[in-house]
**Student:** 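Once you've had a glance at the structure underneath, I'll fire off some questions.
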Amino acid sequence: MFFVRCCSVLINVGGTMNQEFSTLSIHKHSACVWQVSLNRPEVCNAINSVMMKELLVLWTQLNEQPDLRAVVLTGEGEKAFCAGADLKERLDLDVITWQAQHAVLQDAMRAMMACQFPIIGAINGAAFGGGLELTMACDFAYAADNAIFSQSEVKLGIMPGAMGTQNLPRAVGTRKAKELTMTGERFSAAQALEWGLLNRVTSRDDLLPQAIATAESIAENAPIAVRQAKKAINFATSANLMEGYGIEVSCYNSLLATQDRKEGIRAFNEKRKPTFIGE
């Protein structure tokens, strides 16, 4: 099997994957360990509609790779892992278009959670909103000591819509999850580690090497046993995850027609504090 990687193209010659990506980059560290990087560093790897589609294709196709045993997920650039949704793209979007875009993200998150192989987050900077949700959708995560986090959606007139209300309570407990989600306050990597959201905090230089080393260690183990162990653990802790996500999506969609949602996105783009009226 021969692998070629450049800024926007992944070609797996001799395998089943042959896909061009403009918002993601892929690097194959070994036969069984791949690195996926969110690749929009000029906008702090914000998730636009293209990235939503590409994440869906990525997780779906990676799950069909027979030799893949572990993936490390990180972000390109020096500033951020992922700043969340691209709110410049969402400025003045009508509700139907917004819902259609978000439906793709919903499918991408389901595809990510359905991956049989372990996904290790290597959080190299800010992880806000959807960036935090991607962190939590990993099986576990390491972070650089300068990483910062926020479940910030309520500051924009919306709410978590990428499994945030389901995965955050599972990571930090219900009461802490409510506090973080309802305030939208930022917290540090050290706090995230203390609360159980992260498994390890390292220096920025050590982050990827440690995450990759862990992935390689996993890849040395029996792959069927690892996949079945992941399946069993997910069932033990998340038996109703998809049902809960259905409720989250319903609540999320109910916000799209509100004036507060429009005001939140408008204020973000105008670089001012929003004024919410409860409508």
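All heavy atoms count here, side chains included; hydrogens, waters and symmetry mates do not.
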**Student:** In terms of side-chain heavy atoms, does Thr258 have a donor or acceptor partner in Glu279 at a distance below 3.5 Å?
**Tutor:** no
**Student:** Using 0.5 Å steps for rounding, measure from the CD atom of Gln191 to the OG atom of Ser188.
**Tutor:** 3.5 Å
**Student:** Between Val50, Ile47, Asn48, which is the residue that forms a side-chain contact (heavy atoms from CB on, under 4.5 Å) with Asp86?
**Tutor:** Asn48
**Student:** As an exercise, state the distance from CG of Leu168 to NZ of Lys176, rounded to the nearest 0.5 Å.
**Tutor:** 10.0 Å
**Student:** Could you walk me through whether Met159 and Glu248 satisfy the side-chain contact (heavy atoms from CB on, under 4.5 Å) test, starting with their C-alpha distance in whole Å, then the side-chain angles of each, then the deciding distance to 0.1 Å, before giving a yes or no?
**Tutor:** CA-CA 9 Å; Met159 61 170 279; Glu248 176 182 303; 4.0 Å; yes
**Student:** Only counting residues at least two apart or in another chain, list the ones meeting side-chain hydrogen bond (donor to acceptor under 3.5 Å, both in side chains) with Glu89.
**Tutor:**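 Glu89 satisfies side-chain hydrogen bond (donor to acceptor under 3.5 Å, both in side chains) with Ser49 once adjacent residues are dropped.
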**Student:** May I ask you to test the Arg266-Glu263 pair for a side-chain heavy-atom distance under 4.5 Å?
**Tutor:** yes
**Student:** Taking all non-hydrogen atoms of both residues into account, name the closest pair between Arg200 and Leu193 and its distance.
**Tutor:**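 Answer, listing the atom of Arg200 first, then Leu193: N-CD1, 3.7 Å.
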**Student:** What's the separation between atom CG in Leu134 and atom CG in Asn45, rounded to the nearest 0.5 Å?
**Tutor:**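 Between atom CG of Leu134 and atom CG of Asn45 there are 10.5 Å.
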**Student:** Are Trp59 and Met52 linked, directly or through other ILVMFWY residues, by side chains that come within less than 4.5 angstrom of each other?
**Tutor:**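 Yes; Met52 is reachable from Trp59 via cluster members.
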**Student:** A side-chain contact here means heavy atoms from C-beta on lying under 4.5 Å apart; do Thr214 and Gln210 qualify?
**Tutor:**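 In short, these two side chains do not touch, never coming nearer than 4.5 Å.
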**Student:** Work out which heavy atom in Arg204 is nearest to a heavy atom in Ala144; give both atom names and the distance.
**Tutor:**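 Between these two residues, the closest heavy atoms are CA-CB, 3.9 Å.
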**Student:** For Lys53, I'd like to know if atom NZ has over 12 heavy atoms of other residues, nucleotides or ligands within 6.0 Å.
**Tutor:**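 It does not: Lys53 NZ has 12 such atoms or fewer within range.
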**Student:** Are Lys88 and Arg90 close enough that some pair of their side-chain heavy atoms sits under 4.5 Å apart?
**Tutor:**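 A side-chain contact under 4.5 Å is absent here.
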**Student:** Any heavy-atom pair between the side chains of Cys138 and Met112 that's under 4.5 Å?
**Tutor:**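 Side chain of Met112 against side chain of Cys138, heavy atoms only: contact under 4.5 Å found.
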**Student:** For Asn124 and Phe81, work out which heavy atoms get closest and say how close.
**Tutor:** OD1-CA, 3.4 Å
**Student:** For Cys115 and Ile119, work out which heavy atoms get closest and say how close.
**Tutor:**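 Shortest heavy-atom contact: CB-CD1, 4.1 Å.
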**Student:** Should Leu207 and Asp145 be marked as a side-chain contact (heavy atoms from CB on, under 4.5 Å) after you check the CA-CA gap, both sets of side-chain angles, and the distance that decides it?
**Tutor:** CA-CA 9 Å; Leu207 176 63; Asp145 51 17; over 6 Å; no
**Student:** Kindly indicate, with the supporting measurements, whether the criterion side-chain contact (heavy atoms from CB on, under 4.5 Å) is fulfilled by Met113 and Asn167.
**Tutor:** CA-CA 11 Å; Met113 296 294 289; Asn167 284 328; 4.1 Å; yes
**Student:** Can you check whether Thr23's main-chain N or O pairs, donor with acceptor, with Arg40's side chain at less than 3.5 Å?
**Tutor:** no
**Student:** Please name the pair of heavy atoms, one in Leu156 and one in Phe276, separated by the smallest distance, quoted to 0.1 Å.
**Tutor:**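 In this case the closest contact between Leu156 and Phe276 is C-CZ, 3.9 Å.
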**Student:** Hey, does the side chain of Asn269 reach the backbone of Leu87 with a donor-acceptor pair shorter than 3.5 angstrom?
**Tutor:**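 Such a contact is found between Asn269 side chain and Leu87 backbone.
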**Student:** Before you tell me yes or no, could you show the steps for Val57 and Phe21 under side-chain contact (heavy atoms from CB on, under 4.5 Å), namely the whole-Å CA-CA distance, both residues' side-chain angles and the distance that decides it to 0.1 Å?
**Tutor:** CA-CA 9 Å; Val57 172; Phe21 295 121; 4.2 Å; yes
**Student:** Taking the side chain as every heavy atom from C-beta outward, state whether Glu153 and Glu133 have any pair of such atoms under 4.5 Å apart.
**Tutor:**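 Counting from C-beta outward, Glu153 and Glu133 do come under 4.5 Å.
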**Student:** Could you give the distance from SG (Cys32) to CG (Asn221), rounded to the nearest 0.5 Å?
**Tutor:**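 Answer for the SG-CG pair, Cys32 versus Asn221, is 11.5 Å.
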**Student:** With no hydrogens and no angle check, just 3.5 Å: does a side-chain donor-acceptor pair link Thr165 and Tyr245?
**Tutor:** no
**Student:** May I ask you to test the Glu216-Ser30 pair for a side-chain heavy-atom distance under 4.5 Å?
**Tutor:** yes
**Student:** For the residue pair Tyr252 and Trp98, categorise the inter-ring angle as parallel (less than 30°), tilted (30 to 60°) or perpendicular (more than 60°).
**Tutor:**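 Tyr252 and Trp98: tilted rings.
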**Student:** According to a hydrophobic-cluster definition based on side-chain heavy atoms being under 4.5 Å apart (Ile, Leu, Val, Met, Phe, Trp, Tyr only), do Leu68 and Val36 belong together?
**Tutor:** yes
**Student:** Check the side chains of Gln151 and Thr181 for a donor-acceptor pair under 3.5 angstrom, ignoring hydrogens and angles.
**Tutor:** no
**Student:** With a 6.0 Å cut-off (strictly less than), is the heavy-atom count around CD1 of Ile96, excluding the residue itself, greater than 12?
**Tutor:**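 Atom CD1 in Ile96 is not packed in, count stays at 12 or less.
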**Student:** Would the number of heavy atoms belonging to other residues, nucleotides or ligands and lying under 6.0 Å from CZ of Arg272 be above 12?
**Tutor:**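 Correct, the count exceeds 12.
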**Student:** Do you know the tightest heavy-atom contact between Glu20 and Glu54?
**Tutor:** O-OE2, 4.1 Å
**Student:** Check the angle between the aromatic planes of Phe140 and Tyr142 and answer parallel, tilted or perpendicular using the 30° and 60° thresholds.
**Tutor:** tilted
**Student:** List the residues meeting ring pair (Phe, Tyr, Trp, His ring centres under 6.0 Å) with Phe149, not counting sequence neighbours, and say none if there are none.
**Tutor:** Phe187
**Student:** Rounded at 0.5 Å granularity, tell me how far CD in Glu179 sits from OG1 in Thr183.
**Tutor:** 6.0 Å
**Student:** Do Leu91 and Phe268 have side-chain heavy atoms sitting under 4.5 Å apart?
**Tutor:** no
**Student:** Give a yes or no on whether Leu208 and Ile123 share a hydrophobic cluster (residues Ile, Leu, Val, Met, Phe, Trp, Tyr; joining criterion: side-chain heavy atoms under 4.5 Å apart).
**Tutor:** no
**Student:** Is the shortest side-chain N to carboxylate O distance from Asp92 to Lys262 below 4.0 Å?
**Tutor:** no
**Student:** Rounded to the nearest 0.5 Å, what separation is found between the NE2 atom of His102 and the CG atom of Asn253?
**Tutor:**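 Output value for this atom pair is 7.5 Å.
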**Student:** Just wondering, do Glu76 and Ser25 contact through their side chains at under 4.5 Å, heavy atoms?
**Tutor:**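 Side chain of Ser25 against side chain of Glu76, heavy atoms only: contact under 4.5 Å found.
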**Student:** Between Met51 and Leu56, is there shared hydrophobic-cluster membership here, with clusters defined by ILVMFWY side-chain heavy atoms closer than 4.5 Å?
**Tutor:**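 In one cluster with Met51: Leu56, yes.
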**Student:** Tell me, yes or no, whether the heavy-atom count around Arg186 atom CZ, taken from other residues, nucleotides or ligands under 6.0 Å, exceeds 12.
**Tutor:**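 Counting other residues, nucleotides and ligands, CZ of Arg186 stays at 12 neighbours or fewer.
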**Student:** Is the count of non-hydrogen atoms from other residues, nucleotides or ligands lying under 6.0 Å from Lys230 atom NZ greater than 12?
**Tutor:** yes
**Student:** Would you find a donor on one side and an acceptor on the other, under 3.5 Å apart, between the side chain of Arg170 and the backbone of Gln166?
**Tutor:**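 Looks like yes, one N/O pair under 3.5 Å.
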**Student:** Going by atom types alone, do Thr74 and Gln35 pair a side-chain donor with an acceptor below 3.5 Å?
**Tutor:** no
**Student:** Identify whether Ile218 and Leu73 are in the same connected component of the hydrophobic contact network (ILVMFWY, side-chain heavy atoms under 4.5 Å).
**Tutor:** no
